[in-house]
Amino acid sequence: MEAATAATAAMVWFRKGLRVHDNPALDAGRRASARLYPVFVLDPRYLRPDPAAASPGSARAGVARVRFLLESLADLDARLRRLGSRLLLLRARDDVADTVCAALKDWNIGKLCFESDTEPYALARDKKVTDFAMASGIEVFTPVSHTLFDPAEIIKKNGGRPPLTYQSFVSIAGEPPEPVMEEYSELPRVGDTGEYELLPVPTVDELGYGDISQEEIPPFRGGETEALRRMKESLQNKVDVSAFLELHILNHIHQEWVAKFEKPKGDPSAFLKPATTALSPYLKFGCLSSRHFYQCIQVVYRSVKNHTKPPVSLTGQLLWRDFFYTVSYGTPNFDRMKGNKICKQIPWSESEELFVAWRDGQTGYPWIDAIMIQLRKWGWMHHLARHSVACFLTRGDMFIHWEKGRDVFERLLIDSDWAINNGNWLWLSCSSFFYQYHRIYSPITFGKKYDPNGNYIRHFIPVLKDMPKEYIYEPWTAPLSIQKKVKCIIGKDYPKPVVDHETASKDCRKRMGEAYALSHLDANPTKGKTSNSLRRKISPGDKATSDASNAKLLKCSQDESYQNMAYRTNKTDIFCFCPQDCTTASVNSFDAVAEQSRAPEAALFTT
């Protein structure tokens, strides 16, 4: 091959950050070279078919997420081709780092540019490549562009420890850097690739996942083009903001939806038109820059008189995302209970039968099952739906380890994100960040208040489509004559409940209380006894009068060292983020209104 000189050859290694806009690695690569090698390596760790998996796909990724990735790669290739370049798609036999190192050597690369990553797997992979590059005299540039802030810098500013509360994180972080939005009409030509086999972007069928003809195609198409279209649609909310998106200007428009966005609000049963931006998959794969999104929202805010504030606002959700990235990066063993210093040690039960029923949408509770079926089919569901099934599996009904649920979400969600997924399973299981374990989502009444007719259930569980509305959330209570009429016999055509919610939830509260008491003793061995850890009731004079959008910071009653806080979220709710079990109180107990307002989406899971 005719090798490019090292001084004029650069490789841009794509992993996440599957976009052209606000891509500092791509920008640096194009500036440094006369020949540019844009590379993506197919990783068998994520893509190799696993016949033993519970649903089609690999051991680590379901078909929906694989399809989204492939669509994103195809879109990136198309955008690069419009700039006179292309995506060089390679397939690793086993180790991605080995494939990248070989290409660096064979193509005589002088500069390697890639977006930094904080996940444990990525850190090990990237160190191997970086060490090889440095030893070979190759310049390495690894900018932070997947998050608003550099997690390492936040931790450094906080004295070497990750801030463990949202409020302390925000106070340290400040304003994020501006995105790199310089537009260019062309990129340097791709250099000679010699004997390398350059692959076209494969289809899902070509990856060998078996017969997936019956798999439902989710309503989320991957890629930067779709990401920017969806962002534009979310920002304009039926108002024309094309001038802003092209020229970064907003002229005389009223962005009511963006200004009034509040995370506590939203309909988890709205599946045809989600009540959120549904941009989390695009942020996860880096098809959309979080900094660009943040700046676009800021322009909208400047055009209106009033808007919601963090943590419930739209920018607040992006800050939640960065919060979890920072905590996960600075916390050893963040993805597990054992060895995780911020995770309560809870003796979870082991019941494979109950777990499989939950995973497969066969619990006998239609609200729970419909959510899990939507996850299986679409790889996505509303953040409050995720809250419901996470609570049901762990501290609400089944008392099964949050790591088991985490693994299911990690494999099936198209927006699955290591930091956010683990952080929010810690949260919703009351293992960390949030400690009001007595607040439990009802698998019956919670969904009913949003969708009394059960349309969401009818769509995802067709066997229940004709069940009268008075029985749709509790079909086991329907008289046998009704069951026969609608051709759905409970226990035959649809399962009976695997647990009794009233009994199971009481048992879960009891077991959580016992675990918290032991945890408190372990944390305070000199005291010899637990504090009064159950939440006290608030007197009427203590009740807040502000709305969730004006949440007031209260002083934590127990621990100031972690800068923890409690929030008033409406007229009756107060809850605390203390890592210990303090006495800050709440008077509402069932539908977890305050929990909804604080647990983020993709930051719990989706934006």
Exercise. Would you check if the distance from the ring center of W107 to the ring center of Y196 is below 6.0 Å?
Key: yes
Self-check item: CA sep, side-chain torsions, deciding dist, call: L199, E197, side-chain contact (heavy atoms from CB on, under 4.5 Å)
Solution: CA-CA 6 Å; L199 306 171; E197 179 187 8; 3.3 Å; yes
Exercise. Verify the ring-centre separation between W427 and W402: is it less than 6.0 angstrom?
Key: no
Quiz item: Salt-bridged, D415 to R386, with N to O below 4.0 Å?
Solution: yes
Quiz item: Which pairs, with at least one residue in residues 51-95 and sequence neighbours excluded, count as a ring pair (Phe, Tyr, Trp, His ring centres under 6.0 Å)?
Solution: F68-Y282, F68-F285
Exercise. Assess whether salt bridge (Lys or Arg N to Asp or Glu O under 4.0 Å) is satisfied between K111 and E139, documenting all intermediate values.
Key: CA-CA 5 Å; K111 183 169 184 174; E139 181 185 354; 3.6 Å; yes
Quiz item: Do D95 and K128 come close enough that some side-chain heavy atom pair is under 4.5 Å?
Solution: yes
Self-check item: Flag side-chain contact, heavy atom, 4.5 Å: F293 against L279
Solution: yes
Exercise. Evaluate the side chain to side chain donor-acceptor pair (under 3.5 Å) criterion for residues S145 and E115: first the C-alpha distance (whole Å), next the side-chain angles of each, then the deciding distance (0.1 Å), finally the verdict.
Key: CA-CA 6 Å; S145 55; E115 180 181 75; 2.6 Å; yes
Exercise. Provide the full list of salt bridge (Lys or Arg N to Asp or Glu O under 4.0 Å) pairs with a residue in residues 50-75, sequence neighbours left out, each pair given once.
Key: E71-R221
Quiz prompt | Y184 six-ring face occupied by R30 cation (under 6.0 Å, within 45°) | solution = yes
Quiz item: Roughly how far, to the nearest 0.5 Å, is the OG atom of S171 from the CG atom of N158?
Solution: 8.0 Å
Exercise. Would you check, one step at a time, whether the test side-chain contact (heavy atoms from CB on, under 4.5 Å) holds for K284 with H146?
Key: CA-CA 8 Å; K284 178 266 186 299; H146 189 62; 5.8 Å; no
Quiz item: Between E182 and R31, is the closest basic N to carboxylate O distance under 4.0 Å?
Solution: yes
Exercise. Show your reasoning for whether salt bridge (Lys or Arg N to Asp or Glu O under 4.0 Å) applies to D192 and R35.
Key: CA-CA 9 Å; D192 188 359; R35 296 288 183 267; over 6 Å; no
Self-check item: Worked verdict on D98 versus R93 for salt bridge (Lys or Arg N to Asp or Glu O under 4.0 Å)
Solution: CA-CA 9 Å; D98 289 342; R93 291 183 178 179; over 6 Å; no
Quiz prompt | Derivation of the salt bridge (Lys or Arg N to Asp or Glu O under 4.0 Å) call for R229 and E226 | solution = CA-CA 5 Å; R229 185 195 70 79; E226 179 68 6; 2.7 Å; yes
Practice problem: Show your working on side-chain contact (heavy atoms from CB on, under 4.5 Å) between I414 and L69 and close with a plain yes or no. | Solution: CA-CA 9 Å; I414 56 177; L69 168 62; over 6 Å; no
Practice problem: Report yes if some heavy atom in the side chain of L288 is under 4.5 Å from a heavy atom in the side chain of E224; otherwise report no. | Solution: no
Quiz item: Run the ring-ring contact (aromatic ring centres under 6.0 Å, His included) check on F324 and F433 step by step: do they pass?
Solution: CA-CA 11 Å; F324 279 125; F433 304 114; 5.4 Å; yes
Quiz item: Is any side-chain heavy atom of L26 less than 4.5 Å from a side-chain heavy atom of P38?
Solution: no
Self-check item: Which atom of W418 lies closest to which atom of S328, heavy atoms considered
Solution: CZ3-CB, 3.6 Å
Quiz prompt | Ring centre gap for Y325 and F169 strictly below 6.0 Å | solution = no
Quiz item: Quick one: side-chain contact (heavy atoms from CB on, under 4.5 Å) partners of D43, sequence neighbours excluded?
Solution: R45, Y46, V96, Y121
Quiz prompt | Validation row: R406, N424 side chains within 4.5 angstrom (heavy atoms) | solution = no
Quiz prompt | E119 bridged to K16 by N-O distance under 4.0 Å | solution = yes
Quiz item: How far apart are the C-alpha atoms of V408 and L375, what are their side-chain angles, what is the distance that settles it, and do they pass the side-chain contact (heavy atoms from CB on, under 4.5 Å) test?
Solution: CA-CA 10 Å; V408 173; L375 169 62; 4.2 Å; yes
